[in-house]
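The next block holds one structure in the form of structure tokens; read it before the comments.
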Amino acid sequence: MMMLTRKMIEIRSLLQTVEQADSLTLPSIVVVGSQSSGKSSVLEAIVGHEFLPKGSNMVTRRPIELTLVNTPKAHAEYGEFPALGLGKITDFTQIQKTLTDLNLAVPEKDCVSDDPIQLRIHSPNVPDLSLIDLPGYIQVEAFDQPTELKTKIQALCDKYIQAPNVILAISAADVDLANSTALRASRRADPRGERTIGVVTKMDLVDPVRGAQILKDRNYPLRLGYVGVVCKIPQESRSLFSRGSANILNAITRNESAYFNAHPESFGESSQVLTGTPNLRKKLMHVLESTMSSSLATTSEAIHHELAEATYEFKVQYNERSLSAESYLAESLDAFKHSFKGFSDQFGRKEVREIVKHELDQQVLNLLAQRYWNRPVETLQPLDKLSESVQDPLESLPKADPENPLWHLKLDASTSTLTKLGIGRLATTITAQSLQSSIQSLIHNSTFSNHPFAIEAITQASENILRDLSFDTSDELEICVKPYKYRIELDDNEWKRGRENITTVLKGELHDCEAATKVVEEQIGGRRKMKDVVSFIDRVRKGDVVLEGDGIGGAGGFSAALLEKGKEALFLRDRSDIIRMRLAAVKSRQCSDKKNKYYCPEIFLDAVADKLTSTADLFLDAELLSKFYYQFPRVLEQHFRQLDDSTIERFAREDPKIKRHLDVVKRKELLEHVLKEMDSLRQLEAREKRNSSRG
Ligand code: GDP
């Protein structure tokens, strides 16, 4: 008998975890009563502990789904809130506090919420029961309570007292039963009194003869009958207990049976009235079991129906592909590692070389502009300062005298700037940045792209590894290039390569300048207009035109904005001219020989940059890339494999498509599991029937 209820309650709890399936449930006992009718006292007498929220300020605002689990062999009594994951709580004052907090979290203006709190209590002293405690009915709202409170409580209770639930209607003996809100409500929902148990509390507060009469009420006859109880904790016992730990069951029953035994004429065996909490407990167990039993067939049918729908969706939408959060994570991780492997196979020394060389090409161009071709810089000055700018001795470069210390100094200083640029840090940083952005695009093209959690974790992992590796790598690389800071020897081949490369770089730069000029030309409003502005500025620069004032508000009939654009165009024109001139120089016969290096600083500096790049790419390949390629997948593996189940679940559910898929799989598995449990319940039932017919 006991086993059956236990099993059914388990099935009921399982069904509660099936989402969006309110219809899939087994009946429970719903406890209703007016405020102060003694409802909490009855529930606490059944559990044997004070654990319900107390206080005048409407402390029960949410239904409490209370599952009692009898654990005959265990000593410990504890409660747990399955939805909160707080673990086993052995201190019942703590349970009371948690319940109070959960109830008070419902805003006062909402009055009540129909979102139930689930609480399971395990104890050797409780029967296997499933009860739902609801907010107590009130007669009228207090002055500080919302006016719709009364109707909201009523609506909430009405929702729960529908069939097939059993109604435990609590009324106090010292209030006329005809005025009992609980009985009136249950009469509306259960007019034939077939599934209501009447509990009359505070029997000690009325005359015993009157008390017995109440229990025999014929006004609203109940098939399951009335039970009279005295659930008050005796004052003297109360002070003996340290609250929250001791079991109050014995004290209550002793006090209660003392009262009923003292009035055998009213409550004795011949009185035909049922009294006492132990009898109430027995009745509840019995009624719950038979009610649940008779609901099994319909519930099972409903589950079959839901399962058929879930199976259909699984088949049609997901092609019966099973999925779990763990398998999804493992697959995603494997795919990501695979794509990373693909990336690492094609990003090696050659690619690092390109990145570093490109960066150094830019540095060389800047150096040349600063030290050799500095003329375009002057156009960036205010208009009225233009004519004072120093003219650049660029024209004298082709005649650079190898015996003249000035040209030695210029080239040595430029070379030194390049070699002392901090190439270790620069090359390491840009390579690390490039790796980092490749990782970002790998993430972007992977299933992880829909998972902020994973994006963050992977980004962090690569950033950390790269940061750690960069630290040593940049220092060591700096040491490797140290010799170049003192002496640079070039052979003919290096010179030749430098000449070819700088030609390409200069052509690229020229192309960029021309493209930028086109853009400025469009902004100015056409080639003709640009020519006019540029020639005006050019004349100012040469001193052919004398400005009246500083030219800040415009000059020569051109607006200030137009003059700014004109300066930009002039800058670009100068730069293009110089680059063209230098391209011609680099191509000239003079520059084919490395002994003319003072004429051709472009080639020399390019060759220096090339030497630096060769050292950097070799070193970065060995120190940064290989180490990163080795560490990164391992760190990811370690990170993702050590996540706990709930984090993995949360991760997988970040993607709505995966969430839906997981939900369907979970729902299907859960429903299949429930049906299996129901099957074993049926077998258990049959066995019990056989046993009892044999007995
Ligand atoms: P609830 O508001 O319906 O939950 O009512 P409570 O269980 O909090 O009880 C209201 C008051 O009635 C409390 O002071 C209880 O101590 C008291 N009470 C409950 N049951 C009994 C009983 O059987 N006899 C007596 N004398 N007092 C009771």
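In each ligand, atom 1 is the first atom listed, and ligand 1 is the first ligand listed.
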| request: Decide whether the shortest distance between a heavy atom of Ser37 and an atom of ligand 1 is less than 4.0 Å. | output: yes

| message | So for Ala172, does at least one of its heavy atoms come nearer than 4.0 angstrom to any atom of ligand 1? | response | no

Subset of ligand 1 atoms that lie under 4.0 Å from at least one heavy atom of [X]:
X	result
Asp204	22 (C), 23 (O), 24 (N), 25 (C), 26 (N)
Ser41	6 (P), 7 (O), 9 (O), 19 (C), 20 (N)
Val230	23 (O)
Ser40	1 (P), 4 (O), 7 (O)
Ser34	3 (O)

| request: Using the salt bridge (Lys or Arg N to Asp or Glu O under 4.0 Å) rule, pick out the option among Arg6, Arg682, Lys7 that qualifies with Glu677. | output: Lys7

| request: Apply the side-chain contact (heavy atoms from CB on, under 4.5 Å) test between Val664 and each candidate in Arg660, His661, Lys666, Arg667; give the one that qualifies. | output: Arg660

| said: Phe92 and side-chain contact (heavy atoms from CB on, under 4.5 Å): which single residue from Glu44, Glu50, Lys97, Glu77 fits? | reply: Glu77

Can you confirm, on distance only, whether ligand 1 has an N/O atom lying under 3.5 Å from any N/O atom belonging to [X]?
X	answer
Thr201	no
Cys231	yes
Ser36	yes
Gly38	yes
Lys202	yes

| request: Would you please classify the geometry between the Phe651 ring and the His451 ring as parallel, tilted or perpendicular, with 30° and 60° separating the classes? | output: tilted

Got a donor-acceptor contact below 3.5 angstrom from the [X] side chain to the [Y] backbone?
X	Y	value
His122	Glu80	no
Asp174	Leu205	no
Asn70	Pro124	yes

| field | Identified ring pair (Phe, Tyr, Trp, His ring centres under 6.0 Å) counterpart of Phe448 within the set Phe453, Phe640, Tyr328 | value | Phe640

Check [X] against ligand 1 and report side chain, backbone, both or neither, counting heavy atoms closer than 4.0 Å.
X	answer
Leu52	neither
Ile233	neither
Lys39	both

| request: List the steps, then state whether side chain to side chain contact (heavy atoms under 4.5 Å, CB included) holds for Thr25 with Arg12. | output: CA-CA 6 Å; Thr25 184; Arg12 187 174 188 281; 3.9 Å; yes

| request: For side chain to side chain contact (heavy atoms under 4.5 Å, CB included), just list the numbers for Thr67 and Gln118, CA-CA rounded to whole Å, side-chain angles, deciding distance to a tenth of an Å, and then say yes or no. | output: CA-CA 8 Å; Thr67 306; Gln118 276 152 16; over 6 Å; no

